[in-house]
Amino acid sequence: MSDLATQITENVTAVRGRIAEAAARSGRAADDVTLVAVTKYVGPEEIRALVEAGCTTLGESRPQQLADKAQAVAGLPIRWHMIGHLQRNKVRRTLPLVAMVESADSLKLVEAINRIAGELSLRVPILLEVNVSGEEAKHGFAPDAIEPSLAELAGFANIEIRGLMCMAGLDSGLDGARREFAAIRELRDRLRANCPEGIAMDDLSMGMSADYEIAIEEGATIVRVGSALYERISP
Ligand SMILES: *Cc1c(COP(=O)(O)O)cnc(C)c1O
């Protein structure tokens, strides 16, 4: 194996171990948590190493980069997740490439995904992104904006709503992140208790390199980890 592939394999093994331990602390099995390997910092060589190491669910935050990388490694068994802001004029090009849009961050975007998925004869799994920290610069539904929209969301036939996604606030620190993750889990539980038919509120995508273990302890079923997979363990 190349040095790069060895390093990535070691990092993947370490992250998977920590995922399993955090899952155990929350009374769950390791395979209740899906690792999305975020590839926004890296290229095809690292992506091949990730797939070799068993990471086949990958995340990109920009539609153009997702399209470029998906093409560069076409043929590999990869499930791409869109995890960043998706402009409505990029929806048509992006939907055929992805297994999930985690970052459905407004009703208008969800409407566009539903309409275009219909035109393309696709059924697209999505998560509703929640702006849990309330930061102006962040996209996402306000936490109290989802419940009033549930009936309308349930009417969209070409999407499958699977749950919620969030990012901890930039200045929240680890304790703040834990509180935000707990708040999103509680929101998910409340929504699930009176969800219309056709909407599932099972998935919670939360946690990145700095806070994925905390997120799992607070109920994450999907973690999106980037930089921790590329750092050098040994000099
Ligand atoms: C970049 C990114 C990640 C991964 O961040 P790391 O801190 O590098 O693990 C996760 N989620 C989203 C939405 C991102 O843009």
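Every heavy atom of this structure was used, including side-chain atoms; hydrogens, water molecules and symmetry mates were not. Order of appearance sets the numbers: ligands from 1, and atoms from 1 within every ligand.
For Gln64 and Asp68, the side-chain atoms include at least one donor-acceptor pair closer than 3.5 Å.
Considering each of Arg224, Arg62, Lys40, Met208, the one bringing a non-hydrogen atom nearest atom 2 (C) of ligand 1 is Lys40.
With salt bridges taken as basic N to acidic carboxylate O contacts below 4.0 Å, one links Arg25 and Glu217. Residues Glu186 and Arg188 are not paired through a salt bridge, judged by the lack of any N-O separation under 4.0 Å between the basic side chain and the carboxylate.
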Notebook entry, point to check: Stepwise, does the salt bridge (Lys or Arg N to Asp or Glu O under 4.0 Å) test hold for Arg88 with Glu111?
Noted result: CA-CA 10 Å; Arg88 274 176 283 157; Glu111 272 166 9; over 6 Å; no

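Interface atoms of ligand 1 facing Ser227, defined by a heavy-atom separation under 4.0 Å, are 6 (P), 7 (O), 8 (O), 9 (O). Interface atoms of ligand 1 facing Tyr41, defined by a heavy-atom separation under 4.0 Å, are 1 (C), 5 (O), 6 (P), 8 (O). Short contacts between ligand 1 and Gly226, defined as distances under 4.0 Å to a heavy atom of the residue, involve ligand atoms 4 (C), 6 (P), 8 (O), 9 (O). Here is the list of ligand 1 atoms found below 4.0 Å of a heavy atom in Val225: 9 (O).
In terms of protein heavy atoms, atom 9 (O) of ligand 1 is closest to Ser209 OG, 2.5 Å. Atom 12 (C) of ligand 1 has as its closest protein heavy atom Ile83 CD1, 3.5 Å.
For the side chain to side chain contact (heavy atoms under 4.5 Å, CB included) with Leu58, the qualifying choice from Ile83, Ile47, Val73 is Ile47, the only one to do so.
By the 30° and 60° cut-offs, the orientation of the rings of His139 relative to His85 is parallel.
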